[in-house]
Structures are given as C-alpha cells and as structure tokens.
Amino acid sequence: MSFTLLSSPLQGFTDFRFRNAQQKYFGGIDTFYAPYIRLNGKFKIKSSYERDLLPENNTTLTVIPQVITNDAEEFLFVAKYVQSLGYKELNWNLGCPYPMVTKSGMGSGLICNPARIDEILHRAHNETDILVSMKMRMGYENSEEILHTFPILDKYPLKNVAIHARIGKQLYKGGVDLDAFQKCIDVAKHQLYYNGDITTVAGFKAMKERFPSITHFMIGRGLIADPFLPQMIKDNTTEYPKDRWKIFREFHDEIYQQYDAALSGPTPIKMKMLGFWEYFSQSFLDPRKTYKKIKKAGNPKKYQIAVKEILSGER
C-alpha cells in the first residue's frame, strides 16, 4: 500500500526557509503544514505569517496553512485571508500542548469542549467554502477526550483528522499511546493521519505495520533532527548518501544565511540556530558533545568554526 508523508508544523522551525531547504536538499515530504496563525483577538495578520504563506515563498512546495483559535470570528477571518492567497484548505490546530496556549482554551486545551468545536465548525462550513482539516492530540488531561469529539466531527465534511498520539499535558514526554490511537481508528468516520515519534525508518515501518489502514503519516521533530529521514523512508533504506555531511553542510549554510539576513544582530541568529541544533545534534554520534560545542560558540565566527569541527569529526 502506498503512503504519504507530511511535515507536522513546529512553531519557530518549519517556516518557508526551512521547508524550501529541506525540499531542495533532502526531499521526501509530500505536503508541508505551515506553523499556525494566532490572532489573539486582533484581526490583523502579522507580517511573519504573511511572509510564510506568500505563494512566491512556496513555489516548489505543497503547503497547508494552519490556524489556532477558539473563536469562530477568528477562524473565519483567517479562512478568508488564506483563501485570498489562493489556498483551498485550512488546518485547525487542536494539538498544541504548551501551557501558554492550553490555558487560553486553545490547541489541545480545546478538545474537552465539543460544544465550542461544534460552533466553530458549523460557522466555518456555513459561512465559507474552505476545506477544513484537523490536527489534534488525544485530549489534554486524558485520551478519552478526543472520543467525545468524534460525534461532532462526524457532522462535517472534514478532509481529515491528524492525531498526535499523546495527551497535551505530556508535552513531548513519555511514549505515544498506540492503543488510544487504535480506539480512534475504531470509531472515527473521517480519514485519520498518524503523528508522533516517527524518528527512524524502522520506527516508521513498525507504525505502518501496527496501523495497516493508515496511509498518511506526519513527521514533526524527527524531520528537524534528521532531514534525510523522509526520503530514506520512501526509499526503504537505512543507508545515508555517501556525501551525507556535505549535503547537510550545504543545507545548514543555506538556512543560516537566510535567517541571518532576516534577523537583526548576532544574538537572534545564535538563538535561532541553537534551537535547530537541539534537534540536529540528535543525529550525530555524540549529541550532548555536539550541542555543547554549538552552545559555547559565543559569536558568528566561533559558531562557524564549531560547525566545521563537528562535521569534520562526523566525516
């Protein structure tokens, strides 16, 4: 059975610069989800969101915009905005686990409120013609919460429901709950996508065997930790290209230069790349040592020396 690989959005990481470079140097992702748009009650699209979704910044990619909200007016505003850019689908984030989001009753903190979900979906399907898809967790407090939303979701022609197989209060700690995901498969009427802890080719194969009816798999943190992973899954191989570190260096340099141009000063670019190396380092022989070396690099020149030393060591 064929399958589709999708990039799960991560705020601060999977913007158009990363997406374009990942596609150019590694490939393997069929569809990218853009990090969510959050309005916070202000009916204005931030310039960073606009840049991320502009068609000219995504010419070689299939991208689906995402919104995070618990308000129908905000949902409609974002839906009309992304349609004005030519997008046909809007993904609704009911998955974000971070307390600053969930305490506001958004992301996975909204899953326990089926009535509000119903209200927003009702208006979305009555007042716009945009195609709606969902990105969810099992719930915030427990994995039963999502089951109570399915009778509501079943009322609407959703494109799909992507489920990260954890509850919100776990954040990314502990394992995925595959039994709870199976319960979702047993009751859901919509097409489900699987998300959570796909970090190796073997791990993907195990997930595909466990859930033979699932044909769409989302890769989140695993994509940043190892940008080669999607294409290796597609090629059914655990062998990296012979010039692995040369490719990685070219990819790294491209995103570094683009973020350096977009951010002002040495501190923002250092913090941005430090965030990436928290993930990148996981694919290196000694993740702790690798990350520590990057962290200690106090200025751009020392950073470049550290990157060169790390990659030379891997070769």
Side-chain angles (χ1 to χ4, degrees), residues 5-29 32-36 52 61 66 95-98 135 137 164-166 170-176 195-204 207 217-233 238 240-241 244-260 262-263 267-297 303-304 306-311 313-314:
L5 295 181
L6 311 104
S7 162
S8 182
L10 269 80
Q11 294 302 113
F13 293 97
T14 57
D15 69 358
F16 71 96
R17 298 176 186 91
F18 175 86
R19 296 192 300 262
N20 282 310
Q22 197 284 332
Q23 176 90 335
K24 176 179 173 181
Y25 291 101
F26 309 103
I29 292 291
F32 289 86
Y33 285 79
Y36 60 66
D52 193 43
L61 310 173
Q66 188 182 76
C96 182
Y98 292 110
K135 175 81 166 66
R137 286 211 173 197
H164 183 125
R166 282 186 175 87
Q170 277 184 269
L171 297 177
Y172 291 99
K173 296 166 190 165
V176 284
N195 179 215
D197 284 11
I198 295 176
T199 57
T200 64
V201 175
F204 170 78
M207 224 51 90
F217 296 86
M218 298 184 93
I219 306 178
R221 295 168 299 149
L223 174 66
I224 304 171
D226 187 358
F228 287 96
L229 179 63
Q231 193 59 53
M232 288 170 72
I233 288 172
T238 55
Y240 286 91
R244 172 184 180 179
W245 298 114
K246 178 178 178 287
I247 296 169
F248 180 84
R249 180 69 201 243
E250 289 171 1
F251 159 75
H252 165 276
D253 289 354
E254 185 156 317
I255 63 170
Y256 180 90
Q257 285 157 15
Q258 289 192 23
Y259 286 120
D260 194 30
L263 300 167
T267 303
I269 184 65
K270 179 183 177 176
M271 298 313 293
K272 170 65 79 174
M273 296 313 295
L274 199 57
F276 274 112
W277 277 98
E278 242 181 288
Y279 291 104
F280 291 160
S281 62
Q282 293 168 28
S283 292
F284 286 73
L285 290 172
D286 190 336
R288 195 170 156 275
K289 189 178 171 186
T290 298
Y291 183 67
K292 193 175 175 186
K293 190 170 271 197
I294 292 292
K295 199 173 181 181
K296 281 174 68 180
Y303 172 85
Q304 294 294 351
V307 171
K308 189 176 180 181
E309 285 176 0
I310 288 164
L311 294 176
E314 295 295 320

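Bear in mind that the values here come from a model prediction, so they are computed numbers and not experimental data.
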Worked verdict on Ile247 versus Phe228 for side chain to side chain contact (heavy atoms under 4.5 Å, CB included): CA-CA 10 Å; Ile247 296 169; Phe228 287 96; 4.1 Å; yes
Hey, could you give me the [atom1]/[atom2] distance between [X] and [Y], rounded to the nearest 0.5 Å?
X      : Y      : atom1 : atom2 : result
Thr267 : Ile269 : OG1   : CD1   : 11.0 Å
Gln66  : Lys135 : CD    : NZ    : 7.5 Å
Arg137 : Cys96  : CZ    : SG    : 8.0 Å
Met207 : Phe217 : CE    : CZ    : 8.5 Å
Phe251 : Gln22  : CZ    : CD    : 7.0 Å
Lys24  : Glu250 : NZ    : CD    : 8.5 Å

Could you pull out the closest heavy-atom pair between [X] and [Y], with the gap in Å?
X      : Y      : answer
Ala306 : Ala297 : CB-CB, 4.3 Å
Thr200 : Gly203 : OG1-N, 2.8 Å
Ala225 : Ser283 : O-OG, 2.5 Å

Test your reading of the model: is there a side-chain donor-acceptor pair from [X] to the backbone of [Y], 3.5 Å cut-off?
X      : Y      : value
Thr199 : Gly222 : no
Arg249 : Val307 : no
Asn195 : Met218 : yes
Lys270 : Lys295 : yes

Is there a side-chain contact between [X] and [Y] in this structure, where contact means two heavy atoms from C-beta onward sitting under 4.5 Å apart?
X      : Y      : answer
Phe280 : Ile294 : no
Leu223 : Leu229 : no
Arg221 : Asp197 : yes
Arg166 : Lys173 : no
Arg19  : Asp52  : yes
Ile255 : Met273 : yes

Check against side chain to side chain contact (heavy atoms under 4.5 Å, CB included), Phe204 and Met232: CA-CA 11 Å; Phe204 170 78; Met232 288 170 72; over 6 Å; no
Basic-acidic side-chain contact under 4.0 Å: Arg244, Glu314: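 No, Arg244 and Glu314 are not salt-bridged.
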Trp245 ring center near Phe284 ring center (under 6.0 Å):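 Centroid distance Trp245-Phe284: below 6.0 Å, so yes.
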Pair up each side-chain donor or acceptor in residues 5-18 with any protein partner under 3.5 Å, not counting sequence neighbours, and list the distances.
residue: Gln11; atom: OE1; partner: Tyr36; partner atom: N; Å: 2.7
residue: Thr14; atom: OG1; partner: Leu10; partner atom: N; Å: 3.0
residue: Thr14; atom: OG1; partner: Leu10; partner atom: O; Å: 3.4
residue: Asp15; atom: OD1; partner: Arg17; partner atom: N; Å: 3.2
residue: Asp15; atom: OD1; partner: Phe18; partner atom: N; Å: 3.2
residue: Asp15; atom: OD1; partner: Tyr259; partner atom: OH; Å: 2.6
residue: Asp15; atom: OD2; partner: Arg17; partner atom: NH1; Å: 3.1
residue: Asp15; atom: OD2; partner: Tyr259; partner atom: OH; Å: 3.4

Option from Tyr25, Tyr303, Phe276 for which ring pair (Phe, Tyr, Trp, His ring centres under 6.0 Å) with His252 holds: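 In the set Tyr25, Tyr303, Phe276, the residue that makes a ring pair (Phe, Tyr, Trp, His ring centres under 6.0 Å) with His252 is Tyr303.
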